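Since the model is a prediction, treat every value here as computed from it, not as a measurement.
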Amino acid sequence: MNQQLQSFQRISLETLQWFIFLLASSVAIPIVIGSVYELSFIEISGLMQRTFFVVGLACFLQGLMGHRLPIADGPAGIWISTFTIYAITALQHGSSLRETLQVLETAMLLTGLFLVIFGVFRLSQKLITIFTPLVTGAFLFMLTIQLSGTFLEGMLGMSGDENVAQLDAAFIAFFVFFFVLGFSTFWRGPLKNYAVLIGIGIGWILDWIIRGRETVEQSMPLVQFPEIFAWGLPKWDIGTLPIAFFIAIILLSNIVASLGAAGYVLKGEPSFRPQQMNKGSYTLGINHGLSALFSSVAVVTLASSSGFMELTGQRRKSPFMFASLLLVFVSLFPPIVSFVSMIPSPVANAALLATFVQLMGIGLGNITSQTLDQRKMTILGITFLLGIGLMFMPSETFQGMPSIIQNVVGNGLLMGTILIILLEQLWKEDQAKDGKYK
C-alpha cells in the first residue's frame with residue numbers, strides 16, 4: 001500500500017510539473033499576440049482559454065496517435081514571428097488587423113493541409129535526409145537565439161506597453177532562472193526532478209511579496225466551451241499559399257529536431273523511426289487545423305520539451321498524457337484559467353529560459369556530432385550571419401517589397417533554415433573534397 005501511495009504521489013507531482021510546463025509555454029503568447037493585434041482584455045482572456053484548450057488537445061493527440069513521445073506541442077517561434085510580421089505588413093498597407101487574423105486562419109489551415117499530405121503519403125520520411133545533424137543543430141541554435149530575446153524581455157518585466165526594465169521583476173526572474181539551473185544540477189535527491197515546479201512556486205511567492213498582485217474584477221461564466229472561429233471565418237489570400245508551404249517544410253525540420261533531441265535524451269542518440277516522422281507530421285497538420293478552428297496561434301512540436309526532460313529527469317509518458325488532459329479540462333473553466341494565468345510573466349519566462357539552456361546544448365551537440373570541416377563551418381557562418389542578422393532588422397526594413405516577400409524575408413528563423421537546407425543540398429561533401437568549393 002505504501003509503495004502504491006508513493007507511486008501515486010510521484011505520478012501526481014510529475015503530472016503537475018508537466019502541466020506547469022505546458023502552461024508556462026502557452027501563457028505568455030496570448031498576451032503578446034493580443035498586444036500586437038490590439039485585442040481587448042476580454043478578447044485576450046478568450047484567446048488564452050482557446051490556447052490552453054488547443055495545446056492540451058494537441059499534446060494528447062500526438063501522444064495517442066502521432067509520434068507517441070512525451071514531446072509538448074505549443075505556440076512557438078516561427079508562428080509568433082509570422083503573426084507579428086503579418087500585423088506589421090497589414091498596418092503598412094492600411095489593412096484591418098481583424099481581417100489579417102482571418103487570413104492567418106487560412107494560412108494555418110493550408111499549412112496543416114500540407115503537413116497532412118506529407119504524413120499520409122509518407123513524403124515526410126523521404127525528406128528526412130535533407131535534415132542532417134548540421135541542419136537540425138543549426139535550427140535548434142537559431143530557435144534558442146530568436147526566443148531568448150522574448151524570454152529576456154519577459155524576465156525584465158517588459159511588455160508591449162512597458163519598454164523599460166523593471167528592477168524588481170528582473171531580480172525575481174534571475175533568481176528563479178539560476179535557482180532552477182542550480183537546483184537541477186547540484187541537488188542530490190529525487191526533488192531535483194521538480195526543479196521547474198519548485199522554482200516557479202518560489203518565484204510566485206517572491207513576486208507576491210515584493211511586487212504584490214493587481215486583481216482585475218471580471219464577470220465570467222463558470223463553464224464555457226472555447227469559441228469556434230472567434231476571429232471570424234477564414235479569409236482567402238493567394239499570398240498565403242507559398243508562405244504555408246515554406247512553413248510546412250520548416251515545421252518538418254522542427255519535427256526532426258524535436259524527435260532527434262527527444263531520442264538523445266531518452267536513448268542517448270538522436271534517432272527515431274520513419275513512422276514517427278510521418279505520424280507526427282499528419283497529426284501536427286490536424287493540430288494546425290484545430291488551431292485555426294479555435295482561432296489561436298498554431299501549435300508546433302516544441303523542441304524545448306527535451307530540455308525540460310533533461311533538466312527534470314522526467315521521461316515517462318503517462319504523466320505527460322495526464323497533464324495534457326488536465327490542461328483541456330482546466331480550459332473549460334474560465335475562472336480557473338484566469339487564476340492559473342496569474343503566474344507572473346517574469347517567473348514563467350525565467351523557468352522556460354532555463355530549459356532552453358539544455359536545448360541549446362542539444363543543438364550544439366548535433367552540430368559537433370560530425371567533424372566540423374571547412375565546408376560545414378562556412379555553411380554555418382553564412383546561415384548564422386544572415387539568418388540571425390535578419391532577426392535584428394527593424395520591422396520596416398522590407399516595407400518597399402511585396403507583402404509575400406516581406407513575410408518570408410522578415411522571418412530570420414524561416415530564412416536561416418531554408419538557407420542551410422539549400423546550402424547543404426547544393427554544396428555536397430564530395431565537391432568540397434574535390435576542391436571545387438575552396
Side-chain angles (χ1 to χ4, degrees), residues 9 12-35 40-42 44-49 51-52 55-56 74 150-184 187 191-220 222 308 311-312 323 326-327 329-331 333-357:
Q9 290 175 338
S12 298
L13 286 173
E14 290 183 357
T15 298
L16 180 59
Q17 185 158 248
W18 264 117
F19 174 77
I20 294 294
F21 176 75
L22 297 179
L23 191 71
S25 301
S26 310
V27 70
I29 306 307
I31 299 172
V32 173
I33 299 301
S35 174
S40 67
F41 178 79
I42 300 296
I44 292 175
S45 298
L47 176 56
M48 189 169 293
Q49 182 203 19
T51 300
F52 291 165
V55 167
T150 303
F151 292 144
L152 279 173
E153 286 182 0
M155 289 171 65
L156 295 175
M158 298 167 65
S159 63
D161 299 325
E162 183 58 67
N163 293 319
V164 179
Q166 306 297 308
L167 184 61
D168 50 359
F171 169 78
I172 297 168
F174 280 97
F175 173 83
V176 172
F177 175 74
F178 287 110
F179 174 86
V180 171
L181 285 178
F183 194 85
S184 62
W187 186 265
L191 281 179
K192 71 177 295 182
N193 295 335
Y194 308 104
V196 173
L197 181 61
I198 295 172
I200 288 179
I202 293 175
W204 198 345
I205 294 172
L206 281 176
D207 186 85
W208 180 76
I209 294 173
I210 296 175
R211 304 178 70 202
R213 174 59 57 185
E214 294 183 5
T215 58
V216 179
E217 294 295 332
Q218 177 190 7
S219 59
M220 59 185 70
L222 180 62
F308 172 80
L311 190 68
T312 62
L326 180 60
L327 188 58
F329 177 76
V330 163
S331 71
F333 299 88
I336 301 179
V337 172
S338 177
F339 173 76
V340 296
S341 63
M342 287 171 60
I343 293 177
S345 178
V347 174
N349 280 280
L352 282 177
L353 190 62
T355 67
F356 268 66
V357 172

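- Atom CD1 in Ile172 sits 10.0 Å away from atom CG in Leu167 (nearest 0.5 Å).
- With values rounded to the nearest 0.5 angstrom, Ile198 atom CD1 is found 8.0 Å from Gln17 atom CD.
- Applying the side chain to side chain contact (heavy atoms under 4.5 Å, CB included) rule to Leu326 yields the partners Phe19, Val330; only residues at least two apart in sequence or on another chain are considered.
- Residues Met155 and Ala350 approach most closely at CG-N, 3.7 Å, considering heavy atoms.
- Classification of the Phe177-Phe174 ring pair by plane angle, with boundaries at 30° and 60°, yields perpendicular.
- The side-chain contact (heavy atoms from CB on, under 4.5 Å) test with Val347 is passed by exactly one of Ile200, Ile202, Ile205: Ile200.
- Applying the ring pair (Phe, Tyr, Trp, His ring centres under 6.0 Å) criterion to Phe308, with sequence neighbours excluded, gives Trp18, Phe21.
- Phe333 is linked by a ring pair (Phe, Tyr, Trp, His ring centres under 6.0 Å) to Phe329, counting only residues two or more places apart in sequence or in another chain.
- Distance CG/Leu222 to CD1/Ile336: 8.0 Å, rounded to 0.5 Å.
- Counting all heavy atoms, side chain and backbone alike, Ala351 lies closest to Val176 at N-CG1, 4.3 Å.
- Phe171 CZ to Leu156 CG: the interatomic distance, rounded to the nearest 0.5 Å, is 14.0 Å.
- Of all heavy-atom pairs spanning Ala173 and Pro346, the tightest one is CB-O, 3.6 Å.
- Panel note: side chain Gln49, backbone Ser331; a donor-acceptor pair is recorded below 3.5 Å.
- For the pair Ser26 and Val55, the minimum side-chain heavy-atom distance is below 4.5 Å.
- Between Leu23 atom CG and Thr51 atom OG1 the span is 11.0 Å, to the nearest 0.5 Å.
- Rounded to the nearest 0.5 Å, atoms CG (Leu206) and CZ (Phe175) are 6.0 Å apart.
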